[in-house]
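What follows is a set of notes on a single structure, which appears directly below.
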Amino acid sequence: MQWRSIVVGLVVLRLSLSCLLWLAFGLGPNVSWGFNFHLSFNLQKLDLLFREEKGTDPKENSWSQRLPEHNYEETATTCARAEEESPKRPYLSFFDGRKDEYVRRYSSFPDTLKLKMKDMAKEMFYFGYDNYMKYAFPEDELNPIDCEGRGPDVLNPSNININDVLGNYSLTLIDTLDTLLVLGNVTEFQKAVKLVIDTVSFDKDSTVQVFEANIRILGSLISAHILLTDPKHPFGQVDFEGYDNELLHLAHDLAVRLLPAFENTSTGIPYPRVNLKTGVPLDSINETCTAGAGSLLVEFGILSRLIGDSTFEWVARRAVRALWNLRSNETGLLGNVVNIQTGQWVGKQSGLGAGMDSFYEYLLKSYILFGEKEDYRMFQAAYESIQNHMRKGRESCNEGEGDPPLYVNVNMFSGEIMNTWIDSLQAFFPGLQVLNGDVDNAICLHAFYYAIWKRFGALPERYNWQLQAPDVLFYPLRPELVESTYLLYQATKNPFYLHVGMDILQSLEKNAKVRCGYATLHHVVEKSKEDRMESFFLSETCKYLYLLFDEDNPLHKSDNKYIFTTEGHVVPIDKRFREKQWNDLFPCEEGALAEREPNNQPPPSNISNCKRIPEERRYTLPLKSVYMRQIDHMVGLF
């Protein structure tokens, strides 16, 4: 009889637990307590939780349910019954539990702690920079584990991961020139400039990627030259006797060596690589990514306007317009890989990350610098297409029910979701949204990436939002999240972003610091490392971290206004760059954009601007606690 009593007791206990679950959640016994909560749940039952009292269709503001080839029809009857039998409970009420913990943690940041973090960011930069100069210069990069220099992989020309970037031209030194000024080290800046002038030559048998040489080398040389010769001296007396525009001459020399990439292409879209001595390699491929071909206009345009030669801006602008004219007629989107001879899209994925990111960035920044209306018209149209086809989730960042806003990868022609991952490069986009005045959407997307950082102490190169797990596990010390954090802090002055910066600083110090610098994380979960410190760590990551905590930096106090290139190089917004010493670059018959006046229709409702953020919210958390907790839950933090 004893065993019968046990069985009866277990049955009663199971029924009691099931009833409790039905009453509390309206979900029934199908609940799973695993990390992947929104995938383990019966998705149709979750639909009920996304409905507002007014009866909004939950599928309109949920991306976690929009999984490829998922069929909901089998459970429709069950869910309808569940809706009738159990009271509705707003989905977000499940994340209301410990909301005050976010306020306690993020709502203030003492000045003493801000000073400590600024010093920590400075020390981080100098630990990497000093060891590069000690162990690696004049080679391109520092191997921070073995304390050695690294140059091109001459034994394996196909190793484009290395050879696209390293050209045997002291890359790290050049890439960090303006960072030295941002940190206030005029003496070291002058010493570094003289070293570049005395030791760097581009007459090298090196095959490099046009995009990388442009943003890392050309952009830095131009930035340093402008800051060195600025009569307003925002960083103090930085010029020195005997300087005769050598950095500008070096930039011009490099740009001339990149020009062959634009020759012999049927579309005007450049080849992806050139040899600095011989031009386009004979075995060069005819495919390039949209960002690589369409992110040259800022540097080439400034160079043209500094030296009075339209050639460089002309070829860069022609490439942008060629890509733009290949966009889909249905969606307005571009793909990520194109054939430069046929104009056919080889990669039809449209997203905000790798292969696409800086194309959008430079449409807006080119307009800010040069004032060319066509650049802004292209950006406006591109942004509207992005909002219409890539943005999923609830309409408002800080109001309503449903998933938080997220930008997914879609097919450029149909707008259908192509996969369920996002990449770390996409973390730049909130910063671009800040420049566009769409601070509300920037806040939400940034919060999603920050939640991923909190979970792993780094950003995996690809993160699968369906599986709540990394798809590609390495983190090469990229700056994009830090950049967006800095720009959001400048826009809101909310202490939350100082906490984000502190978390990033402490994670890097804990997980990436090695004997002679900071190393790429090979595996963001296990924290194993690769012996490489890319130049952008010093050029961008450390720079943005330092600026985040340095309220009194000349960049913030100067009468000048500045913008950062996609490699983080400082460029003033100067009326010189809005003046051309030549006629229009394109004849009328090529001006397809000139014929398309922007429409006068109001922007879609999910495009916001600074004015939509209520005044009171500027002094509280940028994102309501309930939404922060929701995002943390959706990336598996609890």
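If you're wondering where the values come from, they're calculated on a predicted model, not measured in any experiment.
A donor-acceptor contact shorter than 3.5 Å is absent between the side chain of D178 and the backbone of A224. Of the possible polar contacts, none joining the Q209 side chain to the N163 backbone as a donor-acceptor pair under 3.5 Å is found. Checked by atom type and distance alone, the side chain of N398 pairs as donor or acceptor with a backbone atom of K624 at under 3.5 Å. With T176 contributing its side chain and L173 its backbone, the two residues share a donor-acceptor pair below 3.5 Å.
Aromatic ring pairs are classed by plane angle as parallel below 30°, tilted from 30° to 60° and perpendicular above 60°; the pair F429 and Y383 is parallel.
Residues F379 and Y360 place their aromatic rings such that the two centres sit no closer than 6.0 Å. Ring centroid separation for the pair W453 and F448 does not come in under the 6.0 Å cut-off. If you look at F109 and H499, their ring centroids are closer than 6.0 Å. In this structure, Y489 has its ring center at least 6.0 angstrom away from the ring center of Y497. Separation of the H556 and Y486 ring centroids falls under the 6.0 Å cut-off.
E139 and Y132 are not linked by any side-chain donor-acceptor pair at a separation below 3.5 angstrom, with hydrogens and angles left out of the test. Side chains of Y362 and E299: a donor-acceptor N/O pair is present below 3.5 angstrom, by distance only.
Salt bridge annotation for D632-K454: present, with a cationic side-chain nitrogen under 4.0 angstrom from a carboxylate oxygen. Salt-bridge check for D550 with K118: passed, with a basic side-chain N closer than 4.0 Å to an acidic carboxylate O. Under the 4.0 Å criterion applied to side-chain N and carboxylate O atoms, R532 and E534 are assigned as salt-bridge partners. Look at R105 and D503 and you find a salt bridge, because one of the NZ, NE, NH1 or NH2 atoms lies within 4.0 Å of a carboxylate O, short of that distance. Under a 4.0 Å N-O distance rule, the pair E551/K493 qualifies as a salt bridge.
For residues 514-527, no residue pair satisfies the salt bridge (Lys or Arg N to Asp or Glu O under 4.0 Å) rule, not counting sequence neighbours.
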| task | Quick one: do D552 and K557 satisfy salt bridge (Lys or Arg N to Asp or Glu O under 4.0 Å)? Show the steps, please. | result | CA-CA 6 Å; D552 297 323; K557 297 294 186 179; 3.7 Å; yes
| said: Show, in sequence, the C-alpha distance, side-chain angles and deciding distance for Q506 and M502, and conclude whether the side-chain contact (heavy atoms from CB on, under 4.5 Å) test is met. | reply: CA-CA 6 Å; Q506 292 173 339; M502 182 171 68; 3.6 Å; yes
| field | Criterion side-chain contact (heavy atoms from CB on, under 4.5 Å) on V635 and Y463, from CA distance to verdict | value | CA-CA 10 Å; V635 302; Y463 175 80; 3.6 Å; yes
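The side-chain heavy atoms of L363 and F359, taken from C-beta on, include a pair separated by under 4.5 Å. Contact of the L621 side chain with the S625 side chain is registered, since non-hydrogen atoms from C-beta on lie closer than 4.5 Å. Considering only heavy atoms from C-beta on, S358 comes within 4.5 Å of F211 through its side chain. Contact check for I217 versus D175: no side-chain heavy atoms found under the 4.5 Å cut-off. Taking the side chain as every heavy atom from C-beta outward, V439 and Q433 never approach each other to under 4.5 Å.
Judged by a 6.0 Å distance limit and a 45° cone about the ring axis, R629 is positioned over the six-membered ring of F638. Figure legend: K543 and F125 shown without cation-pi pairing, the cationic atom not lying both under 6.0 angstrom from the six-membered ring centre and within 45 degrees of its axis.
Every residue two or more places apart in sequence or in another chain that forms a side-chain hydrogen bond (donor to acceptor under 3.5 Å, both in side chains) with T566 is listed here: E361.
If you take CG on N441 and CG on N436, they are separated by 10.0 Å, rounding to the nearest 0.5 Å.
Evaluated for a side chain to side chain donor-acceptor pair (under 3.5 Å) with S535, the options E141, E212, R216 yield exactly one hit, R216. Residue N419 is tested with N464, N409, V408 for a side-chain contact (heavy atoms from CB on, under 4.5 Å); the sole match is N409.
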